[in-house]
A.B. asks: 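A single structure is presented below for examination.
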Amino acid sequence: MKKIALYLLLLCFLTVQSCRRKVTAQLIPQDATFVATIQLRQLVQKAEVKHSSLLQTVRQYASQLIAADDRDKLDAVLDDPTLLGFDFDEPGFVFQTPDHSTGLCLTVKDEDRVDAFFDFLAKQQLCSKVTKKDGLKWTSLLGEIPLAYNGDVLLVSLPITAFTGVENQKKWIQQIFDNQQDKGFFESDDFDKSFSENPDFEVCALSSALPLSTSRQLSELLPKGLHVGDVKLQAALTFDKGVMRFQSQLTGRTKEAQQLLDKWDGNLRPITDEFLQSPIAGCSVFAALNSKGDWLLDLLKKSADVKQGLFMLERGIDIEAMLCSVDGDMAMVLQHWPTSTDVVKDDFLFMAHVDNDQWLSEVDAWKQSAREFGINLTPASEKNLYVLEADGFDMVWGVNDHQLLLASRQAYNQRAFNQPNAALQALENEITSSKLFAYVDFQQLADQPELDYFSSLVFRSDGFSKQILQLRTRDEKSNLLSLLLQEMEHHLKN
């Protein structure tokens, strides 16, 4: 019953909107470590909430919670959310403070209507009776989610992180109101408007607000001399018919940190069309970048898993010497989605432009070393190619005309240089205007029913600090928000 009540309250708040009016913005402290701006009106309109079956399902379940003589009031609110008393013409905010407390901030447009709404919920025993203290009105949803409001703004303490109790959450709310300043987060040095469009979600986060695992991974990628505390992450998410767009940008919090990021991005160069004619016609995954191999190798070796994989390959070939000779385009093709965490056990094709192949003179020594590990390294029938056989896995590798090739035997045999991938050809302009690019064709993936809704994923980047991801649906007229509402309805019913 409590789950039903929470969904009911969630939907009510989904149909309202808040405003970045000055009073609301000032409530978010300058030292906030995470701030999300949510365009609820846009989201509700795009998801067509009023016409969704979820809304009808909520109406049905509400009959189990709301007294019969009050159901008309609930229907009126669901039909006309302005009756709640909130301003829904501008975005709402979710923010986190350095102590990891999290709040939801909404703007009050009509305090009398807000009073009436919480009086209605209290009558249904969905919240406590509203009390007044020090200029604020207080209540608690279901006895677990405290909130306070005045004639300008409402603040909810979200139970996302570990609190020692509701009373501590109330103290946090009081502190936020008491410490309200003339200039809030949006006037701080850590905020700048990075995205020209008006996204449905926009986030600014410092490293201290990121999950520990994410912060650790980011630390591994950052250049020497730059720490996670020196950067901030800004991201935006937009839903449109047939596509979801996600943008992210890593920015230095100081001039010196930004200079290090710019230098870091300089290691990536625009991708050329050198390998666009090469991928297997029916490939499911394609990834490309342009850089020097020795720089990329240093970056890859920061990952323990990658380092272990390179060590295993070193038993048969000097993979580090190969990668260090790369200077230019690199492309990885997977014919199928990996069935294991070890990509080399699946069908793959890796191509790279090399500026020298002096390490080929060491192949005879590699053969001797490989035999000690039970690996066979023999010349292939084609010129300048070799076959590595180990534990039932065959890999073809070699260099020809400054192009390094590593491939599973099956992928090599099926590659079709005279049959380029049509989808990649259509994306040629996006690929050659990127420094890092990836494409996943979900329609080529078998036995993945959870992906049947999607058509493709395109990831492109102007540098490691700037990324754009697009997830497309098979039905160009559909919207991922509709799928989200369907999932919400499924959970509500179960």
A.B. asks: Any sub-3.5 Å donor-acceptor pair from Asn150's side-chain atoms to Val153's backbone N or O?
C.D. replies: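 Looks like yes, one N/O pair under 3.5 Å.
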A.B. asks: If you look at every heavy atom in Ile431 and Ile271, which pair is closest and at what distance?
C.D. replies: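 That would be O-CB, 3.6 Å.
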A.B. asks: For Asp178 and Gln174, does a side-chain donor sit closer than 3.5 Å to a side-chain acceptor?
C.D. replies: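 Yes, because at least one side-chain N or O of Asp178 sits under 3.5 Å from a partner of the opposite role on Gln174.
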A.B. asks: Could you tell me whether a side-chain N or O of Asp200 sits under 3.5 Å from a main-chain N or O of Phe239, the two making a donor and an acceptor?
C.D. replies: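 Between the backbone of Phe239 and the side chain of Asp200 there is a qualifying donor-acceptor contact (under 3.5 Å).
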A.B. asks: Flag the pair Leu141 / Leu121 as yes when at least one side-chain heavy-atom distance between them is below 4.5 Å, and no otherwise.
C.D. replies: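 Yes; the side chains approach each other to less than 4.5 Å.
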A.B. asks: Indicate the atoms forming the closest heavy-atom contact of Pro146 with Ile173, along with that distance.
C.D. replies: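 Minimum heavy-atom separation between Pro146 and Ile173: O-CD1, 3.6 Å.
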A.B. asks: Please identify each residue that fulfils side-chain hydrogen bond (donor to acceptor under 3.5 Å, both in side chains) with Thr254, with sequence neighbours left out.
C.D. replies: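 Partners of Thr254 under the side-chain hydrogen bond (donor to acceptor under 3.5 Å, both in side chains) test: none.
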A.B. asks: Is there a side-chain contact between Asp230 and Arg253 (heavy atoms, below 4.5 Å)?
C.D. replies: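 With C-beta onward as the side chain, the pair stays apart.
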A.B. asks: What's the spacing between Thr238 OG1 and Glu202 CD if we round to 0.5 Å?
C.D. replies: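 It comes to 9.0 Å.
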A.B. asks: About how many Å separate CZ of Arg472 and CZ of Phe442, when rounded to the nearest 0.5 Å?
C.D. replies: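 So the gap between those two atoms works out to 12.5 Å.
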A.B. asks: Heavy atoms, side chains only, cut-off 4.5 Å: are Phe459 and Leu436 in contact?
C.D. replies: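 Yes, their side chains come closer than 4.5 Å.
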A.B. asks: Is any side-chain heavy atom of Leu147 closer than 4.5 Å to a side-chain heavy atom of Thr139?
C.D. replies: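 Leu147 vs Thr139: side chains touch.
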A.B. asks: Would you check, one step at a time, whether the test side-chain contact (heavy atoms from CB on, under 4.5 Å) holds for Met244 with Leu237?
C.D. replies: CA-CA 7 Å; Met244 180 198 76; Leu237 182 64; 3.5 Å; yes
A.B. asks: Rounded to the nearest 0.5 Å, how far does CG of Asn179 lie from CD of Gln30?
C.D. replies: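 If we round to the nearest 0.5 Å, Gln30:CD and Asn179:CG are 12.0 Å apart.
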A.B. asks: Between Phe93 and Leu27, is any pair of side-chain heavy atoms under 4.5 Å apart?
C.D. replies: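 No, their side chains stay 4.5 Å or more apart.
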A.B. asks: Any donor and acceptor pair, going by atom type alone, linking the side chain of Ser101 with main-chain N or O of Gln169 inside 3.5 Å?
C.D. replies: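 No: the side chain of Ser101 does not pair with the backbone of Gln169.
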A.B. asks: Just wondering, do Trp138 and Phe118 contact through their side chains at under 4.5 Å, heavy atoms?
C.D. replies: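 Not touching, per the 4.5 Å side-chain cut-off.
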A.B. asks: How are the rings of Phe117 and Phe86 set relative to one another: parallel (under 30°), tilted (30 to 60°) or perpendicular (over 60°)?
C.D. replies: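 Because their plane-to-plane angle is over 60°, the rings of Phe117 and Phe86 count as perpendicular.
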A.B. asks: Can you name the closest pair of heavy atoms from Tyr149 and Val108 and give their distance?
C.D. replies: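 Minimum heavy-atom separation between Tyr149 and Val108: CB-CG2, 4.5 Å.
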A.B. asks: Would Phe437 and Leu427 count as a side-chain contact (heavy atoms from CB on, under 4.5 Å) if you check the C-alpha gap in whole Å, the side-chain angles of each, and the deciding distance to 0.1 Å?
C.D. replies: CA-CA 10 Å; Phe437 182 89; Leu427 293 168; 4.1 Å; yes
A.B. asks: Got a second to check how far Thr214's OG1 is from Leu218's CG, nearest 0.5 Å?
C.D. replies: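 Here the rounded value is 8.5 Å.
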A.B. asks: Closest heavy-atom contact between Leu268 and Ser291?
C.D. replies: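 That closest heavy-atom pairing would be CD2-CB, 4.1 Å.
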A.B. asks: Measuring from atom OG of Ser461 to atom CD of Gln467, what distance do you get when rounded to the nearest 0.5 angstrom?
C.D. replies: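 So the gap between those two atoms works out to 4.5 Å.
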A.B. asks: So does Arg269 get a backbone contact from the side chain of Asn290, meaning a donor-acceptor N/O pair under 3.5 Å?
C.D. replies: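 Looks like no, no N/O pair under 3.5 Å.
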A.B. asks: Can you tell me how far the CG atom of Leu250 sits from the NZ atom of Lys466, to the nearest 0.5 Å?
C.D. replies: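 The distance works out to 11.0 Å.
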A.B. asks: Donor-acceptor check, side chain of Asn267 to backbone of Trp264, threshold 3.5 angstrom: yes or no?
C.D. replies: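 Indeed, once roles are kept as given, a pair shorter than 3.5 Å links the two residues.
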A.B. asks: Decide side-chain contact (heavy atoms from CB on, under 4.5 Å) for Lys137 and Val114; before the verdict, give the C-alpha distance in whole Å, the side-chain angles of both, and the deciding distance to 0.1 Å.
C.D. replies: CA-CA 10 Å; Lys137 295 179 180 179; Val114 175; over 6 Å; no
A.B. asks: Apply salt bridge (Lys or Arg N to Asp or Glu O under 4.0 Å) to Asp240 and Lys46, showing your working.
C.D. replies: CA-CA 8 Å; Asp240 287 313; Lys46 290 179 178 181; 3.6 Å; yes
A.B. asks: What closest approach, in Å, do Ser434 and Arg460 show between heavy atoms, and which atom pair accounts for it?
C.D. replies: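 Residues Ser434 and Arg460, closest heavy atoms: OG-NE, 3.0 Å.
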A.B. asks: Counting only heavy atoms from other residues, nucleotides and ligands, does the tally under 6.0 Å from CD of Gln125 exceed 12?
C.D. replies: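 Result for CD/Gln125: open.
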A.B. asks: Evaluate side-chain contact (heavy atoms from CB on, under 4.5 Å) for Ser219 paired with His227, printing each intermediate quantity in order.
C.D. replies: CA-CA 6 Å; Ser219 177; His227 306 285; over 6 Å; no
A.B. asks: Please determine if Asp475 and Lys241 form a salt bridge, counting it only when a charged side-chain N lies under 4.0 Å from a carboxylate O.
C.D. replies: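 Looking at Asp475 and Lys241, the cut-off is not met.
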A.B. asks: Check the side chains of Gln258 and Thr251 for a donor-acceptor pair under 3.5 angstrom, ignoring hydrogens and angles.
C.D. replies: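 The answer is no; no qualifying pair exists.
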A.B. asks: Side chains of Thr432 and Asp273: donor-acceptor distance under 3.5 Å anywhere?
C.D. replies: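 No, because no side-chain N or O of Thr432 sits under 3.5 Å from a partner of the opposite role on Asp273.
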A.B. asks: Taking the side chain as C-beta and beyond, is there a heavy-atom pair between Leu289 and Leu296 under 4.5 Å?
C.D. replies: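 Yes, close enough: below the 4.5 Å cut-off.
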A.B. asks: Taking the side chain as C-beta and beyond, is there a heavy-atom pair between Ser157 and Lys170 under 4.5 Å?
C.D. replies: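 They are not in side-chain contact.
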A.B. asks: Donor-acceptor pair, Thr102 side chain versus Leu158 backbone, under 3.5 Å?
C.D. replies: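 Judged by distance alone, no pair lies under 3.5 Å.
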A.B. asks: If you take all heavy atoms of Cys204 and Gln234, which pair is closest and at what distance?
C.D. replies: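 Of all heavy-atom pairs spanning Cys204 and Gln234, the closest is SG-CG, 3.9 Å.
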